[in-house]
Amino acid sequence: MARVALVTGGTRGIGASISRALQKAGRTVVASYVGNDAKAQSFSQETGIKVTRFDVSDFEACRTAVDGINADLGPVEVLVNNAGITRDGVLQKMDRDMWDAVIDTNLGSCYNLCKLTFEHMRSIKFGRIVNIGSINGQAGQYGQVNYAAAKSGIHGFTKALAQEGARFGITVNAIAPGYVDTEMVRAVPPDVLQKIIARIPAGRLGSPEDIARGVLFLTADESDFVTGSTLSINGGQHMY
Ligand code: CAA
């Protein structure tokens, strides 16, 4: 039977590419989203991928969603923690709400969904978890203390959980995308973005497919000896 894969934030941007790639690889994919119903419905109609609406920062909402997927399709065996937001601003202008939203959504979600799916993975001695970090969690970024802290936290979380999962056949890896052509990056002020692109040795933004290819590699059944790693996919912008 096809393994069930849950991709958070899986109906748009990088997540949509990941959902499509996993579907093509034979997984039964469920893509989560939180706000944009119209986009999620059109994505589902176009691809045949099931979508489910819940807030990844809310543990009880995650529990209800995971229970629902379990009843509907079976337990999650491939988890891609991709959902993420930005609330950029220099520290002086960053309210506590901007800090909490980014930490809870980007990092808290990894705890929530790993916690709720890990037990089943342990019981079958198989699991594939990929957490989407960021170049800005590796290198820092002006105006992003919240985002850099959350993404950096994801990289530590990944290495710790990889150690716990290894003897149960569960691999836990991270991808650190560079600047990828998505709505999130297009929201960066154009003059700032031009300066960033000028510093990418490959001379271009990444594409969502560049990241999805990494997820495919890390979630393949055969990739059972790769765990605790961080795959940087950034056009050479930061070598870590
Ligand atoms: N290094 C040093 N100084 C910088 C700087 C930098 N990288 N960026 C801006 N500054 C300076 C400016 O030159 C300016 O200095 P002066 O006042 O002396 O002229 C000062 O900081 C204030 O800059 P702004 O006018 O831009 O300040 P702002 O408050 O309007 O905006 C900001 C600040 C919100 C951080 C804005 O610069 C910004 O959006 N930057 C981009 C942040 C970014 O890269 N976000 C990534 C989003 S995509 C993503 O996160 C995905 C991923 O994983 C890669």
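As the structure lists them, so they are numbered: ligands from 1, and atoms in each ligand from 1. Model, not experiment: these values are computed from the prediction. Side chains included, hydrogens not; waters and symmetry mates left out as well; all remaining heavy atoms used.
The nearest protein atom to atom 35 (C) of ligand 1, hydrogens excluded, is given as Gly143 CA, 3.5 Å; this is a heavy-atom distance. Among all non-hydrogen protein atoms, the one lying nearest atom 50 (O) of ligand 1 is Gln144 NE2, 3.0 Å. When only non-hydrogen protein atoms are considered, atom 43 (C) of ligand 1 lies nearest to Asp88 OD2, 3.6 Å. At the shortest separation from atom 48 (S) of ligand 1 among protein heavy atoms lies Val185 CG2, 3.8 Å. The protein heavy-atom contact nearest to atom 20 (C) of ligand 1 is Tyr142 OH, 3.5 Å.
Going from atom CZ of Arg122 over to atom OG1 of Thr117 covers 12.5 Å, rounded to the nearest 0.5 Å.
Among Lys93, Gln237, Arg87, the residue whose heavy atom lies closest to atom 29 (O) of ligand 1 is Lys93.
The 12-atom threshold is exceeded at CZ of Arg186, counting heavy atoms of other residues, nucleotides or ligands nearer than 6.0 Å. By the 6.0 Å contact criterion, CZ on Arg27 is enclosed, its count of non-hydrogen atoms from other residues, nucleotides or ligands being greater than 12.
Side chain to side chain, Ser232 and Gln138 meet the donor-acceptor criterion of an N or O pair below 3.5 Å. Of the N and O atoms on the side chains of Ser109 and Asn81, not one donor lies less than 3.5 Å from an acceptor on the other residue.
Contacts with ligand 1 closer than 4.0 Å are made by side-chain heavy atoms of Pro189 only, the backbone lying farther away. Contacts between Lys151 and ligand 1, counted as non-hydrogen atom pairs separated by less than 4.0 Å, are absent for every part of the residue. Residue Ile196 touches ligand 1 through its side chain alone, judged by heavy-atom distances below 4.0 Å.
For the pair Gly178 and ligand 1, a heavy-atom separation below 4.0 Å is found.
Near Tyr179, meaning under 4.0 Å from one of its heavy atoms, ligand 1 places the atoms 43 (C), 44 (O), 46 (C), 54 (C). Within ligand 1, the atoms closer than 4.0 Å to a non-hydrogen atom of Val188 are 41 (C), 45 (N), 46 (C), 47 (C), numbered from 1 in the order shown.
Within the 4.0 Å cut-off (strictly below), a protein heavy atom is located near atom 3 (N) of ligand 1. Atom 15 (O) of ligand 1 is not flagged as protein-proximal [any protein heavy atom, distance under 4.0 Å].
Among the candidates Thr64, Asn112, Leu113, the single residue satisfying the side chain to side chain contact (heavy atoms under 4.5 Å, CB included) test with Phe59 is Asn112.
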### Task
Could you go through the salt bridge (charged side-chain N to carboxylate O under 4.0 Å, His left out) check for Asp72 and Lys50 one step at a time?
CA-CA 11 Å; Asp72 196 17; Lys50 291 209 174 201; 3.2 Å; yes
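Not a single N or O atom of Thr86, backbone or side chain, sits closer than 3.5 Å to an N or O atom of ligand 1.
The shortest distance between side-chain heavy atoms of Leu218 and Arg128 does not fall below 4.5 Å.
Both Val130 and Leu22 are assigned to one and the same hydrophobic cluster, defined by single-linkage of ILVMFWY side chains at heavy-atom distances under 4.5 Å.
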